[in-house]
Amino acid sequence: MATKASTLRLYREILRHAGRWPSIKRESIIQEIRQEFRANRLEQDGAKAAAMIEQARIGLGSLKAQSGLGKRSGDEQYSFDAR
């Protein structure tokens, strides 16, 4: 089960990556994220809350993949064919 602290870290990470996402609709996406988390912050059903947390993690992964922000500087690997 996700703790309040881990959920807050996830929320902040999503907002951080959404803020760097190259889109004309960036601000509306950030507002949507905030509204979604706020609307569900008092969820009492543990299974439902866990499903929402998992959905948020998947969304973060998609956000990183689509924007190229999942790669850290220096993670690139190059290979050269010496002929």
Side-chain angles (χ1 to χ4, degrees):
M1 180 174 203
T3 64
K4 186 176 179 178
S6 66
T7 303
L8 184 57
R9 275 194 301 275
L10 176 63
Y11 172 71
R12 288 178 177 160
E13 186 175 4
I14 291 170
L15 287 178
R16 185 171 37 258
H17 286 287
R20 294 185 208 146
W21 197 44
S23 173
I24 225 166
K25 297 180 180 182
R26 181 184 313 133
E27 289 305 316
S28 64
I29 291 168
I30 291 171
Q31 278 303 100
E32 244 181 81
I33 293 165
R34 286 183 173 136
Q35 288 172 353
E36 184 97 15
F37 268 84
R38 287 177 184 156
N40 296 303
R41 69 186 174 142
L42 300 176
E43 180 60 53
Q44 296 296 315
D45 183 353
K48 193 173 180 182
M52 287 187 281
I53 295 290
E54 184 58 26
Q55 182 180 6
R57 286 189 180 121
I58 291 168
L60 174 61
S62 296
L63 181 64
K64 287 179 177 181
Q66 291 173 13
S67 64
L69 295 172
K71 297 179 183 176
R72 293 184 312 218
S73 179
D75 282 353
E76 297 85 11
Q77 294 191 11
Y78 303 96
S79 63
F80 298 96
D81 188 15
R83 291 182 191 224

Is I29 reachable from L63 through a run of I, L, V, M, F, W or Y residues, each pair having side-chain heavy atoms under 4.5 Å apart? yes

Counting C-beta onward and ignoring hydrogens, is there a side-chain heavy-atom pair between E13 and K64 closer than 4.5 Å? yes

Applying a strict under-4.5 Å side-chain criterion to I, L, V, M, F, W and Y, I'd like to know whether Y11 and I53 cluster together. yes

Quick check: closest heavy atoms across I30 and A18, and the distance to 0.1 Å? CG1-CB, 3.9 Å

How about E43: does its CD atom have over 12 heavy atoms from other parts shown lying under 6.0 Å from it? yes

Please report the interatomic distance CZ(R41) to OG1(T7), rounded to the nearest 0.5 Å. 13.5 Å

Hydrophobic clusters here meaning ILVMFWY residues chained together by side-chain heavy-atom distances under 4.5 Å, can you tell me if L8 and L60 are in one? yes

Rounded distance (nearest 0.5 Å) linking atom NE2 of H17 with atom OG of S62: 12.5 Å

How many angstroms lie between CD1 in I14 and CZ in R16, if you round to the nearest 0.5 Å? 10.5 Å

Looking only at heavy atoms, the pair that brings R26 and W21 closest together is NE-O, 2.8 Å

